[in-house]
Trainee: 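Just dropping this structure here.
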Amino acid sequence: MKSCLGILIVFITLVAVIGGGAFLWYLSSTSEFTRTGGDAKNPPKAIIVPPKAVPVR
């Protein structure tokens, strides 16, 4: 009984790990990214952030 339970736990864990990876792969391969707030003639401007000063001892 213990070996059967162990095999079931290992099998369910393996299915969950492989299924989760497949689900993430599916989501990443079917996702689409679009930009909002601009058009082809007037693209949005990049915001320049100055670097922070780091104190030196």
Side-chain angles (χ1 to χ4, degrees):
M1 186 67 180
K2 289 181 182 178
S3 65
C4 180
L5 183 62
I7 290 173
L8 284 175
I9 291 172
V10 168
F11 181 71
I12 290 171
T13 304
L14 185 66
V15 168
V17 168
I18 293 175
F23 183 66
L24 288 175
W25 175 81
Y26 171 75
L27 288 178
S28 67
S29 67
T30 57
S31 62
E32 294 182 6
F33 297 98
T34 58
R35 291 187 179 190
T36 58
D39 55 3
K41 293 179 182 176
N42 297 321
K45 302 285 183 187
I47 299 173
I48 300 173
V49 179
K52 289 187 175 182
V54 179
V56 178
R57 291 185 155 214

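Note that the coordinates shown come from a computational prediction; the quantities given were computed from them, not determined experimentally.
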Trainee: Hydrophobic cluster mates of F11, side-chain heavy atoms under 4.5 angstrom, ILVMFWY only, any path?
Mentor: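 Members alongside F11: V15.
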Trainee: Taking the hydrophobic residues Ile, Leu, Val, Met, Phe, Trp and Tyr, and joining any pair whose side-chain heavy atoms are under 4.5 Å apart, which ones share a cluster with L8?
Mentor: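 Joined to L8, directly or through intermediates: none.
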Trainee: For I48, give me all partners under side chain to side chain contact (heavy atoms under 4.5 Å, CB included), at least two apart in sequence or on another chain.
Mentor: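 In terms of side chain to side chain contact (heavy atoms under 4.5 Å, CB included), with neighbours along the sequence ignored, I48 is linked to no residue.
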Trainee: Enter the distance from I9:CD1 to L5:CG here, rounded to the nearest 0.5 Å.
Mentor: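 Going from the CD1 atom of I9 to the CG atom of L5 covers 4.0 Å.
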